[in-house]
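Structure, as structure tokens:
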Amino acid sequence: MTPARRPAPATGPTWRDVEPAPLVLLTGPEDYLAARARDRVRTLLRERRGPVEQSVVDASAYAPGQLAALASPSLFDDAKLIHVTGLAAMNDDLLADGLAYAAAPDPDVVVVWEHSGGNRGKKLLDALKAAGAQVVECRPLKNDRDKSEFVLSEFRSHRRRIDPDAARALAAAVGSSTAELAAACAQLLSDGPATITFDDVEKYYGGRVEATAFKVADAALAGRAEAALKLWRQALDTGVDPVPMVGALAAKLRTIAQVHGTSGGAARLAQRVGAAPWQVERAQEEGRRFAEADLVRMLGALAEADAQVKGEGRDPAYAVERAITTIALSGRH
């Protein structure tokens, strides 16, 4: 079976560093990131050229000639910013005028084209790209890694620091909404200390942290015994079964054991251990505080817990708690 291909990494500017240009194309369904990109373009344009004349064009209700009229010189010579929305539902008039404009864009006008996804308007998108448009991908944050990277980047952009485990906890607490995650970052940037720790996130958002198996494992492997046990008890209260908890701990610990003490690139090691490169990088980072004897002891504790939760013990939850405690107290602190 041929493995599924991963999307190619973005090669254009991101929503964080896009610059004003005659043609700017925002693609993808994440409205919040598109809004941030638009705000950045508008702000930079105003800083560099003074007053900005802004226009919004609805691609689904476009009238012939509208784009050319809006791009014509201003009476007061103000900078012009045109935002064309809803390209995924464009009408034929916008397609025709858009193709003509892409072939000869006005160098003094900034036109931001926004397409939320789908095949409608592909011909225009291809023409914009061929004409050298800055293409900014506005993709949703699909997984925990995406959300954690977003949090870390938000703090870096403000020259502030948040610990990686705190970033993961914040992403878990807030959920999947990019806008809500950005608002949570803004609150911590405004109210929190210079460096945000896991305890700071717990203080503000502790009641909202999702106590899933892998988040318990993250806390235990980071040496945060109290946090790991708290998350585990919350997980029990929400109905998490002890068996997948042991499985999550075992999966993470096996990867750490496989890459422990190794050198070389994450991509090469990933092929050998059957994990993604980012998982290898994280396992290498987590494994630095453990000696080989620690790994043997932790794997032994998990093997015992696995037997207990699968029928050999009377209290599976307590068996898991013992394993979590052993892991969290192992290694350098």
Side-chain angles (χ1 to χ4, degrees), residues 143-145 147-148 164-166 168-173 175-176 198-199 201-202 205-261 269-270 272-276 278-333:
N143 52 45
D144 287 347
R145 188 192 182 202
K147 291 187 287 184
S148 296
D165 59 344
R168 289 193 289 269
L170 184 62
S176 59
F198 180 86
D199 290 339
V201 174
E202 279 284 285
Y205 297 99
R208 297 173 60 185
V209 174
E210 300 169 16
T212 64
F214 281 99
K215 292 177 180 63
V216 176
D218 284 345
L221 288 164
R224 302 194 313 271
E226 184 178 345
L229 291 173
K230 178 181 177 182
L231 287 168
W232 168 234
R233 288 159 190 161
Q234 289 175 350
L236 283 174
D237 290 342
T238 60
V240 172
D241 189 274
V243 174
M245 180 67 251
V246 174
L249 282 164
K252 291 180 70 67
L253 198 53
R254 276 196 300 270
T255 305
I256 290 173
Q258 286 175 306
V259 303
H260 188 262
L269 289 172
R272 195 182 80 189
V273 304
W278 70 268
Q279 290 174 312
V280 169
E281 290 173 0
R282 184 166 173 183
Q284 288 175 317
E285 179 185 340
E286 291 173 325
R288 289 192 183 102
R289 72 184 194 90
F290 301 118
E292 189 171 327
D294 294 321
L295 294 174
V296 172
R297 182 169 55 256
M298 292 189 294
L299 288 168
L302 276 179
E304 182 179 348
D306 186 63
Q308 295 285 315
V309 301
K310 291 179 179 177
E312 292 188 15
R314 295 183 177 179
D315 192 344
Y318 179 64
V320 175
E321 189 163 309
R322 278 205 315 258
I324 291 171
T325 302
T326 298
I327 291 170
L329 296 180
S330 296
R332 295 186 298 273
H333 290 270

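Along the sequence shown, the residues carry numbers beginning at 1.
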Hey, what do you get for CZ (F198) to CZ (R224), rounding to the nearest 0.5 Å?
-> 4.0 Å

From the options L253, V320, T326, select the one residue that forms a side chain to side chain contact (heavy atoms under 4.5 Å, CB included) with L302.
-> L253

Can you tell me how far the CG atom of L299 sits from the CG atom of D306, to the nearest 0.5 Å?
-> 11.5 Å

Would you name the heavy atoms of A225 and L329 that are closest together and state the gap between them?
-> CB-CD2, 4.2 Å

Measure across V309 and P242 and return the closest heavy-atom pair with its distance rounded to 0.1 Å.
-> CG1-CB, 3.8 Å

Give, for atom CD1 of I327 and atom CZ of F290, the distance between the pair rounded to the nearest 0.5 Å.
-> 7.5 Å

Nearest heavy-atom contact between A222 and R289 is C-NH2, 3.6 Å

Are the side chain of H260 and the backbone of L295 linked by a donor-acceptor contact shorter than 3.5 Å?
-> no

A305 to A319 - nearest heavy-atom pair and separation = CB-O, 3.8 Å

Atom pair CD1/CG of I256 and D294 - distance to nearest 0.5 Å | 11.0 Å

Residue pair A219 / L231: nearest heavy atoms and the distance that separates them = CB-CD1, 4.1 Å

List for me each residue that meets side chain to side chain contact (heavy atoms under 4.5 Å, CB included) alongside R282, sequence neighbours excluded, and say none if there are none.
-> R168, D218, K252, W278, E286

Please report the closest heavy-atom contact between M298 and S330, naming both atoms and the distance.
-> CG-OG, 3.7 Å

